[in-house]
2 protein chains.
Amino acid sequence: MASKRATISDVASLAGVSIATASKALNGRQDVRAATRERVLAAAAELSFQPNALARGLISGQTRTVGLLTSDSVGRFGIPVLLGAEDAFGAGEMAVLLCDARGDAIREQHHVRALLSRRVDGLIVVGESTNPRPSVSKDLPVPVVYAYGPSEDPADVSFVPDDVGAAAMAVRHLLAMGRRRIAHITGPSHYKAARDREEGLRLALSEAGVAQAGQTLSGPWSQRWGRHAAEMLLMAEPEIDAVFCGSDQVAAGFVEAARERGRRVPDDIAVVGYDNWEVLSTETRPALTTVDMNLERLGRTAAQHLFAAIDGKATPGVHRMPCQLVIRDSTSPPGIS
Amino acid sequence: MASKRATISDVASLAGVSIATASKALNGRQDVRAATRERVLAAAAELSFQPNALARGLISGQTRTVGLLTSDSVGRFGIPVLLGAEDAFGAGEMAVLLCDARGDAIREQHHVRALLSRRVDGLIVVGESTNPRPSVSKDLPVPVVYAYGPSEDPADVSFVPDDVGAAAMAVRHLLAMGRRRIAHITGPSHYKAARDREEGLRLALSEAGVAQAGQTLSGPWSQRWGRHAAEMLLMAEPEIDAVFCGSDQVAAGFVEAARERGRRVPDDIAVVGYDNWEVLSTETRPALTTVDMNLERLGRTAAQHLFAAIDGKATPGVHRMPCQLVIRDSTSPPGIS
DNA sequence: TACGTTTCCGAAAACCTTTAAGTCCAGGAG
DNA sequence: CTCCTGGACTTAAAGGTTTTCGGAAACGTA
């Protein structure tokens, strides 16, 4: 460990000026002769002076720090959002204070207080699912932005993926590929994501005047469920030519089971997944056409919006961010692959 | 946004005492009459007073904040370590300042300076691989602990998974199951993880006086490589009865290709993976026996060690943390599953 | 009464920086 | 010569808290 850290008064006395002059020189302000500024800068470099952000924050009232509150950071979805936010902040001089409430409301309140006591300039709350969640607290002295999981309170600012639009886009792609007997396997219906994606499916089907093949099958978001659902579906609706799956895990399971049952993908049945979780979507055979929610961008956008809210005006409400369809082999026209 | 935040002097005047007395009452110190303490506490509650951590840190010289510097947070390995560290810190009153250098040394130095200027009490550096990395900086005024990726400088404190020991444990398990023709498929040899795991394999084999079946096959850490290696291996060494894979991705690829070639797992060939990446290890059929590096615990331990280093003495050097073998169906004795 | 002890509380310094206000001086205008 | 202007620099206050030390009151003892 190095010896005591240099303060601005050390710099000032080494340069032979007052503290105020040193401060002005270091901050590039007027009223300092060029020669004097040089001396101060040289002194600062020699002492490897780093201004104390605490003292600075105490005066300015701005810490240039934001809190990032996650409910379940182990989840696959929180992480990219977090990364995107960190990215946007890191570009400036902002720092991110990370807290994980692990789904516990008490702990969340505790963290909010701790962050407030550290005088963060703003808060980003990233949810573990797209289900609306309780507002973190009314009347906080700093702006709050919700990412991935929106706030229940429409007066708050939330950024969520446009699941309905993305699902419709995915299904339109299947229709454009000439598929007409489209089935749907997805996750538990208490997930808004599952309901939204189904809504998107219905939307695209009704636009085209096509009926859904069989009932929507709901189960866990797992590969195992994808396999199981595949067996049920191929029994009940043997003539399907496409499946829209609510997640890549489900899709990977479906593909595997379908192949074992002698159905070729994509020749007999085209498959679309969701999430673009690359370890699954690019490693299955064939690689999966899937929806990429672009979560890093969502996180970045949320962070940029927090900036705006910090020094100015926010635009409340739920902002739906467009997703992207990544087209791979699992939806190629028959005979191509 | 709420109105101006209450300060301790607001609390003091509401309670009708001096600032000093208010401070003592709030911090549970002696020399305050019980009744007075009550009044102060009540006033603080009424104003929902939160002490300003900046002012407090300015005096005490302790911010109760640590910096978490990651080189590649998108990686699967950094995240659990980060979570474990956050966990250990969150238990106390510590907060974590997260920075992602994205593998760029310049950016890393920039972040170190920013963190130092914020007066963090310590630093955790989490690597993206177990390859030793340059020390973040000499003579920092705060303690530094490296997690997952150790520092090149043996005077630093590093915590890494015991890959050699874990690999040996995995291979001993195969031997205990009666397997004698054991092959090895792993990742690129410029990864220390790949070299260490191979070393563990050799160790366990030579203990038992058993020769490795064929050469070690090195390739990318991917499922695709696992499939490809399986084809080569089953051609070159058709009589193998077990494979130790350097990662679950490789193992999943191997299992898939082996089954397509008509080899039953585990009856004909037992398979062990590495990482316990659950989306792969529990969803393959059969579920994979694999090594769990227990990265969250590693992160927690690193954090706890940082505590120790902050207020006392550190024990320099590379600390190897034991891993755990998770036994599943892919190594069951023939005839069981 | 004088004095010592205990108990409770307040004044003020300290932490480090920024900034508003003030000082000093040279030089130009009248 | 006086007055004014502007540049270059310094002084001092402010920001919120903790902590040391001194003071005051209350009480007991001689």
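A, B, ... follow the sequence lines: proteins, then strands. Residue 1 opens every chain. What you see below is based on every heavy atom in this structure, not just the backbone, and it leaves out hydrogens, waters and symmetry mates.
Between B:Arg5 atom CZ and D:dT17 atom P there is a gap of 11 Å when expressed in whole angstrom units. For the pair B:Gln30 CD and D:dT18 C1', the computed distance is 16 Å after rounding to whole Å. Counting to the nearest Å, the P atom of C:dC16 and the CG atom of A:Leu26 are 16 Å from each other. The CG-C1' distance, from A:Asp10 to C:dC15, rounds to 13 Å in whole Å. Atom CZ of B:Arg39 is separated from atom C1' of C:dC8 by 12 Å (rounded to the nearest Å). Taking atom CD of residue A:Gln50 and atom P of nucleotide C:dT17, one finds them 10 Å apart after rounding to whole Å. The nearest whole Å value for the distance from the CG atom in A:Leu58 to the C1' atom in C:dT19 is 14 Å. In this structure, B:Asn27 atom CG and D:dT20 atom P are separated by 13 Å, rounded to whole Å.
For the OP1/OP2 pair of D:dA8 and a distance below 4.0 Å, the side-chain nitrogens and oxygens of A:Thr36 include no atom meeting the criterion. Side-chain N/O atoms of B:Asn52 include none lying less than 4.0 angstrom from OP1 or OP2 on D:dG15. Between B:Arg33 and C:dC9 there is a side-chain polar atom (N or O) within less than 4.0 angstrom of OP1 or OP2. Side-chain nitrogen and oxygen atoms of B:Arg56 include at least one within less than 4.0 Å of the OP1 or OP2 phosphate oxygen of D:dT18. Regarding contacts with the backbone of D:dT19, every side-chain N or O of B:Ser23 stays at 4.0 angstrom or more from both OP1 and OP2.
There is a side-chain donor-acceptor pair under 3.5 Å between B:Arg118 and A:Thr65.
With respect to B:Arg133 and B:Glu108, a salt bridge is recorded, a charged nitrogen being found less than 4.0 Å from a carboxylate O. Salt-bridge annotation for A:Lys138 and A:Asp153: present, with a side-chain N of the basic residue lying under 4.0 Å from a carboxylate O of the acidic one. One finds a salt bridge joining A:Arg102 and A:Asp100 here, because a Lys/Arg side-chain nitrogen approaches an Asp/Glu carboxylate oxygen to under 4.0 Å.
Contacts of B:Asp31 with the nucleic acid, taken as non-hydrogen atoms under 4.0 Å apart, include base atoms. Residue A:Ser60 is out of contact with every strand shown, counting any heavy-atom pair closer than 4.0 Å.
Nearest to the side chain of B:Arg29, among C:dC9, D:dT19, C:dT19, sits D:dT19. Proximity note for B:Ile8 (side chain, C-beta onward) versus C:dT18, D:dC9, D:dT17: the nearest is D:dT17.
Both B:Arg119 and B:Arg37 sit near DNA chain C, but only B:Arg37 has its closest nucleotide nearer the 5' end.
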Which atom pairs, donor and acceptor, lie under 3.5 Å between side-chain atoms of residues 39-50 of chain B and protein residues at least two apart or in another chain?
residue : atom : partner  : partner atom : Å
B:Arg39 : NE   : B:Ala15  : O            : 3.0
B:Arg39 : NH2  : B:Ala15  : O            : 3.3
B:Gln50 : NE2  : A:Arg113 : O            : 3.3

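Enclosure of atom CD in B:Glu152 by more than 12 non-hydrogen atoms of other residues, nucleotides or ligands within 6.0 angstrom is indicated.
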For nucleotides 10-14 of chain C, give me every protein contact, N/O to N/O, under 3.5 Å, one pair per line with atom names.
residue : atom : partner : partner atom : Å
C:dG10  : OP2  : B:Ser18 : N            : 2.7
C:dG10  : OP2  : B:Ser18 : OG           : 3.0
C:dG10  : OP2  : B:Thr21 : OG1          : 2.7
C:dG10  : O6   : B:Lys24 : NZ           : 2.8

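By the 30° and 60° cut-offs, the orientation of the rings of B:Phe89 relative to B:Phe307 is perpendicular.
Considering B:Thr130, B:Thr70, B:Val125 in turn, B:Thr130 is the only one that fulfils the side-chain contact (heavy atoms from CB on, under 4.5 Å) rule with B:Tyr148.
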